[in-house]
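To find a chain, count down the sequence lines: A is the first, B the second, and so on, and within it residues start at 1. Only this structure's heavy atoms are used, side chains among them; waters, hydrogens and symmetry mates stay out.
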Protein chains: 2
Amino acid sequence: MTEHSAPARRPTIKEVARLAGVSHQTVSRYLKSRQGLLPATLERIDGAVEELGYRPNLMARSMRTRRTGRLAVVMPVTTFNHARLLSGALAAGHEAGHVVEVVSVEGSTATRTERVLELAQSGQVDGVLSLTPMAAGIEHGLPEGAAVVVSPDFDDAMRSIGELTDASPVTELMERLAALGHRRFLHVAGDQDWASARARKAAYLEAVERLGLESVGVAEGDWSGESGVEAVMRLDSDRLPTAVIAANDVVASGVVRGAHERGLDVPGDLSVTGWDDNELCRFLPPSLTTVRINLEGVGRNAVLRLIKAVGGPELEPWSGPVTQVIWRESTAPPGRPSASPSAGTR
Amino acid sequence: MTEHSAPARRPTIKEVARLAGVSHQTVSRYLKSRQGLLPATLERIDGAVEELGYRPNLMARSMRTRRTGRLAVVMPVTTFNHARLLSGALAAGHEAGHVVEVVSVEGSTATRTERVLELAQSGQVDGVLSLTPMAAGIEHGLPEGAAVVVSPDFDDAMRSIGELTDASPVTELMERLAALGHRRFLHVAGDQDWASARARKAAYLEAVERLGLESVGVAEGDWSGESGVEAVMRLDSDRLPTAVIAANDVVASGVVRGAHERGLDVPGDLSVTGWDDNELCRFLPPSLTTVRINLEGVGRNAVLRLIKAVGGPELEPWSGPVTQVIWRESTAPPGRPSASPSAGTR
DNA sequence: GAAGCGAAAGTGAACGTTCACTATTCTGCC
DNA sequence: GGCAGAATAGTGAACGTTCACTTTCGCTTC
């Protein structure tokens with residue numbers, strides 16, 4: 001579109017100064033605070049800025065000030081699923097007067113580490129919050145440049161951030177189910193490359209042990225609905241569990257479908273729990289008991305750590321609960337006939 | 001972490017030059033291509049770079065070259081739902097040698113327009129792809145700076161991008177349902193602030209007209225499952241539709257639930273279609289007929305337009321189908337008893 | 001009425017690169 | 001041996017800001 005002649009130079013501070021009949025430094029002051037200037041001067045600069053359509057070149061500014069006002073959140077594309085986490089991060093950054101950008105990374109740990117370092121030291125951002133795990137000892141490679149806050153508990157397979165691996169709700173789910181009378185459980189796990197999947201599995205096993213329950217096993221899974229269907233189809237008819245803890249809602253819906261295909265009623269014959277509070281959960285027949293995660297809060301707190309690290313203001317972190325179990329129709333005491341579907345949406 | 005003394009200056013090209021015993025320009029050349037240098041010189045610079053841990057300051061570089069190699073995708077946070085769209089955009093940008101960043105905007109049209117202009121003219125990015133609609137005539141406000149490609153059909157309420165408003169699958173759905181024998185339809189619409197919702201509604205009405213079908217009405221909705229439930233509950237028993245076109249999968253699942261609550265069988269008494277191909281769709285009882293959208297392709301093409309606008313290489317666009325109807329259990333000829341896979345639901 | 005002071009404005013040098021030149025060295029050829 | 005021409009390297013000026021000073025001016029104050 002643009003001709004190759006004269007790359008459409010934008011007006012600079014000096015041109016504004018000339019037009020306003022002042023020095024460039026005066027315009028700089030005007031830009032900075034509009035204070036300490038004579039009203040008449042102010043007005044003339046106003047006019048010149050308007051006339052030229054001047055806008056400061058942020059790149060030049062940051063070059064001089066060594067501050068960009070920009071933060072980067074690096075994350076693997078797969079985690080974009082957690083859009084609400086981003087949403088919280090963006091809001092917190094904005095509050096602290098920063099622009100938050102999202103940069104994606106792919107490839108091996110080494111590649112990703114390199115990419116993050118490059119970004120941190122490119123001078124293009126003040127800080128980098130990496131939701132991707134990096135080669136150990138990266139801190140030492142950093143010449144005190146942009147602060148990189150690697151969210152601490154992000155795991156090797158770059159899939160989960162600290163608070164997301166909190167699997168305590170599994171315990172809550174199982175204690176309640178046990179109280180309802182369930183004794184025989186099944187866990188359909190998520191992809192074990194993910195820290196959160198490992199955490200849930202561990203919490204399941206721990207709860208079985210501690211509460212003296214019986215586990216018919218842990219079905220390997222990959223977060224897919226199919227893995228849920230299969231796990232149920234493979235169950236031994238002589239030793240069916242009465243409750244299934246699924247790694248997430250998709251898996252849980254697969255479990256429900258598998259149960260139906262085997263002629264099992266949910267929750268009559270089988271109670272099922274999910275994880276994530278997928279929008280559809282409430283409307284499934286039966287509506288799904290699940291775990292809601294406050295992703296906005298998690299995102300906010302991660303960015304707050306970063307802002308603090310780059311010397312920004314200390315803002316109020318989200319301190320409320322991060323997870324919450326939502327009980328719905330898919331869980332009930334064992335052996336009872338299923339309550340009629342119209343027994344209520346919640 | 002960082003002490004307040006001496007802001008940790010990073011080594012510059014000149015320091016590398018001094019250490020290597022060459023001029024700064026030689027180092028610059030080294031950085032640019034590593035060509036036209038004596039092997040011995042190359043080696044010495046290599047050593048110096050290594051020793052100092054030097055990395056070029058991209059900000060200073062872009063200041064001189066007036067090129068940043070960075071593109072920004074501006075989008076409202078709500079659209080982060082379309083993570084797969086981003087994924088396509090990022091991949092295309094990478095292919096063309098650009099870094100793609102995601103910047104979010106909120107607020108009124110005026111605020112957003114301002115924000116986008118600021119970004120475009122800040123010198124921090126080469127191009128801006130705005131998925132947010134902006135005040136008309138913005139092009140004229142742009143002094144040929146960074147190219148802003150407003151995705152053309154993005155609507156006033158900043159919710160949809162051109163290809164996403166393609167509602168032709170609605171026609172496909174209805175033609176097939178009509179062929180199966182359906183005559184009386186209901187549409188549960190999405191929030192009419194969204195262009196895509198308006199497009200689907202319009203396509204529904206057009207199809208009713210053209211195919212000579214009967215419509216029991218268009219239920220206003222807001223993309224929520226509740227709106228689906230309510231739409232069904234409010235239906236006149238004397239004049240029930242046999243097919244429901246829901247604005248998306250969540251609404252559709254609400255419709256299914258509402259139908260069950262009224263004792264209607266899906267698809268026996270009522271065929272239901274959704275939109276989006278939500279992961280859970282396949283596992284619902286009954287699995288949901290829906291429309292899959294190739295968001296990656298849409299994102300890729302949008303970024304390709306931008307890259308072309310900023311004078312980048314012309315890459316292969318995604319030219320395959322953008323939408324695809326997926327037929328599943330929730331649709332069947334009217335009046336037939338449900339082909340119950342297990343009869344398990346009731 | 002001159003010294004003192006504060007407000008307002010100006011001057012020139014940085015920031016870390018690359019660009020456009022110019023200078024030097026090497027090579028091969030007559 | 002001298003010279004053209006390429007290959008290699010160096011010099012200084014940009015890029016658009018802000019920082020650290022300096023200057024100018026007008027007003028008190030004694």
Between [N] and [X], is there an OP1 or OP2 to side-chain N/O distance shorter than 4.0 Å?
X: B:Ser28; N: C:dT17; answer: no
X: A:Thr12; N: D:dC15; answer: no
X: B:Thr26; N: D:dT8; answer: no
X: A:Tyr54; N: D:dT17; answer: yes
X: A:Ser23; N: C:dT11; answer: no
X: A:Arg66; N: C:dG16; answer: yes

In whole Å, what is the span from the [atom1] atom of [X] to the [atom2] atom of [N]?
X: B:Arg64; N: D:dT17; atom1: CZ; atom2: P; result: 15 Å
X: A:Lys14; N: D:dG16; atom1: NZ; atom2: C1'; result: 8 Å
X: B:Arg29; N: C:dT18; atom1: CZ; atom2: C1'; result: 11 Å
X: B:Tyr30; N: D:dA7; atom1: OH; atom2: P; result: 22 Å
X: A:Leu38; N: C:dG6; atom1: CG; atom2: C1'; result: 13 Å
X: B:Asn57; N: C:dG16; atom1: CG; atom2: P; result: 7 Å
X: B:Gln25; N: D:dA7; atom1: CD; atom2: P; result: 18 Å

Original post:
How far does the helix from C:dG1-D:dC30 to C:dC30-D:dG1 bend, going by the axes of its first and last five pairs, to the nearest 10°?
Top reply: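 Comparing the axis at each end, I get an angle of 50°.
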Original post:
Are more than 12 heavy atoms from other residues, nucleotides or ligands located less than 6.0 Å from atom CZ of B:Arg18?
Top reply: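 No.
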**OP:** Identify whether any heavy atom of A:Ile13 sits under 4.0 Å from a base atom; if not, whether one sits that close to sugar-phosphate; answer base, sugar-phosphate or nothing.
**Re:**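 Here A:Ile13 touches the bases of the nucleic acid.
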Original post:
Closest nucleotide of DNA chain C for B:Met63 versus for B:Lys32: which of these residues is on the 5' side?
Top reply: B:Met63
Original post:
B:Val27 or A:Thr65: which one's nearest nucleotide on DNA chain C is closer to the 5' end?
Top reply: A:Thr65
Original post:
Mind checking whether B:Arg61 and B:Leu31 have side chains closer than 4.5 Å, heavy atoms only?
Top reply: yes
